[in-house]
Amino acid sequence: MNSGIRGSDRMREDMQKGAQEGAQRRMQKGAPKNVQKGTQKGMQEAPSFDNRSMVLDYISHNPGSHMRKIARDLDMRLSTLRYHLDYLEKKGSIVCQRQNNLKVYFVQGKLKPMERTLAPLLQQKRFRDIILILIGSPGLKFSQIVDSLSISPSTASKHIRGLRKTSFNR
């Protein structure tokens, strides 16, 4: 080879460059600042630990997130994320629960059952808006909720029915 670099060395350099670019993208998307990629010697151990700590930190700050949202926000492949979620769940660091057709994740012991029910709803704008209005003015009528949020009655009805299905209304 004229370039003086063997093919496997070039491939290793390309992989390291790709890993560094991925880390930079994750850092820009709000991953923990204390997470840094490993050096060449620890390259096999560090990424798993770094990804795992990023996932745990994300779930801690965004309880009730589902897998696709976590993957999108951390710029991580679903297969990689699924591996780390399974690992964290087996170790008892996180718990998951089904909500409708999604599995949502929480840090173990951080939230009470009622809070775990509300956390995923609060991540959705319409549910959050309705909950905040009801907390601020508990005696509002349906028409007042619709008017104050400037949404259609059918939209308000759908979301209020969703809240009634949860333990929020009890």
Side-chain angles (χ1 to χ4, degrees), residues 8-132 134-135 158-170:
S8 62
D9 291 340
R10 181 169 292 165
M11 186 172 15
R12 186 177 306 119
E13 287 176 6
D14 289 344
M15 288 173 57
Q16 289 173 348
K17 183 179 177 184
Q20 289 170 347
E21 290 170 356
Q24 289 172 346
R25 280 194 312 272
R26 286 192 293 275
M27 293 301 234
Q28 290 171 349
K29 290 198 174 232
K33 291 181 176 38
N34 62 348
V35 175
Q36 296 176 354
K37 286 289 177 188
T39 61
Q40 230 176 340
K41 290 180 183 177
M43 201 63 173
Q44 291 178 353
E45 290 296 322
S48 287
F49 177 76
D50 291 347
N51 285 339
R52 196 169 298 133
S53 63
M54 277 193 319
V55 170
L56 185 59
D57 189 59
Y58 182 88
I59 293 170
S60 178
H61 289 94
N62 300 282
S65 294
H66 57 86
M67 187 167 42
R68 286 195 185 274
K69 180 177 181 358
I70 298 169
R72 183 176 51 246
D73 290 351
L74 293 180
D75 193 29
M76 189 179 290
R77 291 183 176 180
L78 284 172
S79 58
T80 302
L81 177 60
R82 188 176 299 113
Y83 169 80
H84 292 297
L85 289 172
D86 289 345
Y87 179 89
L88 290 168
E89 194 172 0
K90 285 177 187 172
K91 292 293 182 183
S93 300
I94 63 171
V95 293
C96 73
Q97 73 182 37
R98 283 227 171 258
Q99 191 153 46
N100 297 329
N101 60 345
L102 297 174
K103 267 178 121 174
V104 291
Y105 296 90
F106 303 91
V107 173
Q108 175 68 35
K110 194 170 181 181
L111 297 176
K112 297 175 186 166
M114 174 63 154
E115 294 169 332
R116 283 199 307 223
T117 301
L118 289 177
L121 295 177
L122 291 172
Q123 290 186 12
Q124 299 176 43
K125 183 182 179 348
R126 291 292 180 212
F127 282 118
R128 183 175 56 245
D129 291 346
I130 291 171
I131 290 169
L132 291 174
L134 292 173
I135 289 171
K158 173 190 169 199
H159 287 88
I160 290 172
R161 267 195 317 272
L163 288 173
R164 283 188 178 143
K165 287 180 184 177
T166 67
S167 55
F168 176 76
N169 201 20
R170 292 181 186 158

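Because the structure is a prediction, the values reported are computed rather than measured.
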Going from [atom1] on [X] to [atom2] on [Y], what distance comes out if it is rounded to the nearest 0.5 angstrom?
X: Ile70; Y: Arg68; atom1: CD1; atom2: CZ; result: 12.0 Å
X: Asp75; Y: Arg72; atom1: CG; atom2: CZ; result: 11.5 Å
X: Tyr105; Y: Gln97; atom1: OH; atom2: CD; result: 11.5 Å
X: Asp73; Y: Leu81; atom1: CG; atom2: CG; result: 10.5 Å
X: Met76; Y: Leu85; atom1: CE; atom2: CG; result: 9.0 Å
X: Arg77; Y: Asn51; atom1: CZ; atom2: CG; result: 11.5 Å

* Asked: Is there a donor in the side chain of Tyr58 and an acceptor in the side chain of Lys69, or the other way round, less than 3.5 Å apart?
  -> yes
Provide the closest heavy-atom pair for [X] versus [Y] in the form atom of the first, atom of the second, distance.
X: Phe127; Y: His159; value: CE2-O, 3.1 Å
X: Val104; Y: Gly64; value: CG1-O, 3.2 Å
X: Ser60; Y: Val107; value: CA-CG2, 3.5 Å

* For the side chain to side chain contact (heavy atoms under 4.5 Å, CB included) test, which of Asp50, Leu88, Thr80 pairs with Val55? -> Leu88
* Take Asp129 and Lys125, measure what salt bridge (Lys or Arg N to Asp or Glu O under 4.0 Å) needs, and give me the verdict at the end. => CA-CA 6 Å; Asp129 291 346; Lys125 183 182 179 348; 2.7 Å; yes
* For Ser93, check side chain to side chain donor-acceptor pair (under 3.5 Å) against everything at least two apart and list the hits. => none
* Does the pair Ile94 and Gln108 meet the rule for a side-chain contact (heavy atoms from CB on, under 4.5 Å), with working shown? -> CA-CA 5 Å; Ile94 63 171; Gln108 175 68 35; 6.0 Å; no
* To do: Show your working on side-chain contact (heavy atoms from CB on, under 4.5 Å) between Arg82 and Met67 and close with a plain yes or no.
  => CA-CA 8 Å; Arg82 188 176 299 113; Met67 187 167 42; 3.8 Å; yes
* Count the heavy atoms of every other residue, nucleotide or ligand shown that sit under 6.0 Å from CZ of Arg128, and state whether that count exceeds 12. =>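 Yes, the 6.0 Å shell around CZ holds more than 12 heavy atoms from other groups.
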* To do: Name all residues meeting the salt bridge (charged side-chain N to carboxylate O under 4.0 Å, His left out) criterion together with Lys90; count only those two or more places apart in sequence or in a different chain, and write none if there are none.
  =>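 With sequence neighbours excluded, Lys90 shows a salt bridge (charged side-chain N to carboxylate O under 4.0 Å, His left out) to no residue whatsoever.
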